[in-house]
Amino acid sequence: MRPLTGKWKIEILWVLAQRTRRFGELRRSLPGITQHMLSLRLRELEADGLVTRTVYAENVPRVEYEISEAVHGLKPVFQAVIGWSEQYGPLARRRGSPDQEADGETGIAA
């Protein structure tokens, strides 16, 4: 569990579980994270073998981040947490009536 603890790590892994991203894309996907914090957390996740960093030797160097094979096993966990959040989280409480849930209005983009 230690490699997953720390502010922003789960959020970073969740965003990368959707698709490979460049640093700027990743930062825009995580409102509130600083450039320094994102760099730090990505280095930690890479050192723990949870994130793969690929550098492309181009005229303007390009770096992409993706989850490692080990993190692919966490996708069902992420989906379970989203399902829980839809049913019991703050957005579910704000929705109000259970009738909205029956209509398929979850309010969360997974």
side-chain contact (heavy atoms from CB on, under 4.5 Å) for Leu40 and Leu42? Distances and angles first, verdict last. CA-CA 6 Å; Leu40 178 66; Leu42 284 169; over 6 Å; no
If you look at every heavy atom in Gly49 and Ser68, which pair is closest and at what distance? O-OG, 2.7 Å
Can you give me the closest heavy-atom contact between Pro31 and Trp8, atom names plus distance? O-CH2, 3.4 Å
[Y] side chain reached by [X] side chain, heavy atoms, under 4.5 Å:
X     : Y     : value
Val71 : Leu45 : no
Val63 : Phe23 : no
Val15 : Leu13 : no
Glu64 : Glu66 : no
Ile10 : Phe78 : yes

Enter the distance from [X]:[atom1] to [Y]:[atom2] here, rounded to the nearest 0.5 Å.
X     : Y     : atom1 : atom2 : result
Arg21 : Leu30 : CZ    : CG    : 8.5 Å
Ile33 : Arg27 : CD1   : CZ    : 8.5 Å
Tyr65 : Glu25 : OH    : CD    : 12.0 Å
Ile67 : Thr20 : CD1   : OG1   : 8.5 Å

Could you please spell out the steps behind the salt bridge (charged side-chain N to carboxylate O under 4.0 Å, His left out) verdict for Glu44 and Arg41? CA-CA 5 Å; Glu44 290 172 355; Arg41 293 299 181 238; 2.9 Å; yes
For His36, I'd like to know if atom NE2 has over 12 heavy atoms of other residues, nucleotides or ligands within 6.0 Å. no
Does this structure show an ion pair linking Glu11 with Lys9, if we count only N-O contacts that are shorter than 4.0 Å? no
